[in-house]
Every structure is written in C-alpha cells, then in structure tokens.
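Heads up: the structure comes next, in structure tokens.
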Amino acid sequence: MAKFITFEGVDGAGKSTGLEWFADALRQRDIDLLVTREPGGTPLGEQLREILLNQPMHIETEAMLMFAARREHVEKVIRPALQRGTWVISDRFSDASFAYQGGGRGVPFEKLEQLEQWVHGDLQPDLTLLFDIPIEVARQRLSNNVSLDRFEQEKGEFFEKVRQAYLVRAKQSPNRIRIIRAEKSQSEVQKELSDIVASI
Ligand code: TYD
C-alpha cells in the first residue's frame with residue numbers, strides 16, 4: 001500500500017536536504033513517488049503560500065489559510081496519488097501548524113484540532129520524520145540565506161516555542177513521529193535515513 005510520509009522541523013534543521021536524499025533512496029527501490037510541499041502543492045496553494053510567507057496577518061487568519069491550502073492539497077493531490085498507488089512525501093503538513101501557529105504564535109491547540117479534524121479527519125501520515133536541532137544551530141545555518149521569509153525572520157524565542165511544540169506532538173504520537181537528531185553529521189543523518197528506508 002502506498003505510504004504518506006511527511007518531513008518536519010524548524011527552519012534551518014536540514015529537513016529539505018534530508019527529504020531529497022530520502023526520496024532518492026525510495027526511487028532507487030523503484031517506488032512510484034510524488035514529492036510535494038506545504039503551504040503549497042497546488043496552484044491555489046502556491047498562491048496562498050506567497051501570501052502566507054510575505055503578508056502580515058492575524059494569527060488565526062494565518063492558521064485558517066494554512067488549513068485552506070491543505071484542504072486543496074489533500075483533495076487534489078495527496079488522496080488521489082495514494083489511491084492510485086503512488087507514495088507521497090510532503091515537506092511539512094499539519095504538525096507544522098501545531099508547531100508554528102500553535103506553539104509559535106499561540107493559537108489555541110483546540111482550534112487547530114478542530115481544523116485538522118475538518119480538513120483531514122480520516123487521513124494522517126503513515127510516518128513523520130521530525131528533524132530536531134538546537135535553535136542556535138538552526139539559526140546559524142539560516143544566517144547564510146540571503147532573503148528570509150516572514151517566518152524565518154522571527155526571533156530565537158519563537159523558534160524555541162516551535163521546537164518544543166513539535167517535541168510535544170512527537171510525544172503524543174510516538175508511533176507516527178520519529179525524531180531525527182539533525183545536529184549530527186550529514187553522513188550519520190543519511191545512515192539513519194537509509195535504515196528507515198530499508199525498514200519500510
Ligand atoms: P518551508 O517549506 O520550510 O520554507 P523554505 O522554502 O524556506 O524551506 O516552509 C515555509 C514556512 O511555512 C516555514 O517557515 C514554516 C511555515 N509553516 C507554518 O507556519 N505552518 C504550516 O502549517 C506550514 C505547512 C508551514
């Protein structure tokens with residue numbers, strides 16, 4: 001059965017590099033695979049991404065737009081792919097809303113749970129890889145980027161809250177969320193990812 005796998009972590013954790021490497025390893029096993037991202041993944045979702053990453057707004061508007069983009073993504077991309085037997089890897093999904101909008105911004109978790117229930121009550125990732133890293137290290141990595149979006153411009157304190165909310169989420173779903181210690185060397189992270197690929 002096709003699997004739905006998501007990648008999560010604070011900005012600068014190395015999640016995107018890990019994702020590319022993981023996707024290549026799956027393709028080498030001849031797995032039919034679709035790689036997508038949030039916010040985004042559909043033409044409308046990409047337009048919402050542009051707004052979300054650049055435009056200041058109320059924190060609940062932000063939460064609802066994240067889930068609005070997700071609604072499109074689930075119906076138009078993720079579910080059809082899984083139904084035809086294509087595996088899906090998404091660079092972020094609802095755990096990011098709990099971490100950033102819930103932990104970082106302070107939107108009540110109960111409200112996010114309602115949105116989650118509404119948008120994909122019957123669909124959860126089969127596996128989530130959470131790239132966890134001390135915030136100082138993540139920020140050091142981000143400092144090489146020339147242009148930072150609205151989230152990346154936030155202070156260390158914001159990211160500390162995002163990180164903690166991700167870790168709480170991982171504790172709540174220990175069977176789904178696997179923590180990758182991303183401050184380790186790239187070869188150690190790759191070894192861990194390749195063990196995971198071999199086991200699924
Ligand atoms: P990301 O794809 O990590 O950005 P980049 O292209 O820089 O690698 O994600 C974009 C930002 O969106 C990221 O800072 C986290 C934020 N985000 C939320 O706040 N809530 C969400 O639900 C999602 C999916 C992303």
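Both ligands and their constituent atoms are indexed starting at 1 by order of listing.
Near Glu38, the atoms of ligand 1 lying under 4.0 angstrom from a non-hydrogen atom of the residue are 24 (C). The contact set between ligand 1 and Ala96, taken as ligand atoms under 4.0 Å from a residue heavy atom, comprises 20 (N), 21 (C), 22 (O), 23 (C), 24 (C). Below 4.0 Å from some heavy atom of Arg70 lie the following atoms of ligand 1, by number and element: 22 (O), 24 (C). Of all the atoms in ligand 1, the ones that sit under 4.0 Å from a non-hydrogen atom of Ser97 are 21 (C), 22 (O). Distances below 4.0 Å separate heavy atoms of Pro39 from the following atoms of ligand 1: 12 (O), 23 (C), 24 (C), 25 (C).
Protein heavy atom nearest atom 7 (O) of ligand 1, with residue, atom name and distance: Glu152 OE2, 2.9 Å. At the top of the distance list for atom 13 (C) of ligand 1, counting protein heavy atoms only, stands Asp11 OD2, 3.5 Å. In this structure, atom 5 (P) of ligand 1 lies nearest to the protein heavy atom Arg49 NH2, 3.9 Å. Nearest protein heavy-atom contact of atom 9 (O) of ligand 1 is Arg92 NE, 3.1 Å. Looking only at heavy atoms of the protein, atom 21 (C) of ligand 1 is closest to Met66 SD, 3.3 Å. Nearest non-hydrogen protein atom to atom 8 (O) of ligand 1 is Ser16 OG, 4.2 Å. With hydrogens left out, the protein atom closest to atom 19 (O) of ligand 1 is Gln101 NE2, 2.9 Å, a heavy atom.
Residue pairs meeting the salt bridge (Lys or Arg N to Asp or Glu O under 4.0 Å) criterion with at least one member in residues 35-50, sequence neighbours excluded: Arg37-Glu46, Glu38-Arg70. Contacts classified as salt bridge (Lys or Arg N to Asp or Glu O under 4.0 Å) and involving residues 157-167 (residues at least two apart or in different chains) are given here: Asp132-Arg163.
Surrounding NZ of Lys184 are more than 12 heavy atoms belonging to other residues, nucleotides or ligands, all under 6.0 Å away.
Residue Asp91 places no N or O, backbone or side chain, under 3.5 Å from any N or O of ligand 1.
Of all heavy-atom pairs between Gly41 and Thr36, the closest is CA-OG1, 3.4 Å.
Using bins of under 30°, 30° to 60° and over 60° for the plane-to-plane angle, the ring pair Phe109/Phe98 lands in the parallel bin.
Residue Lys15 places a heavy atom less than 4.0 Å from ligand 1.
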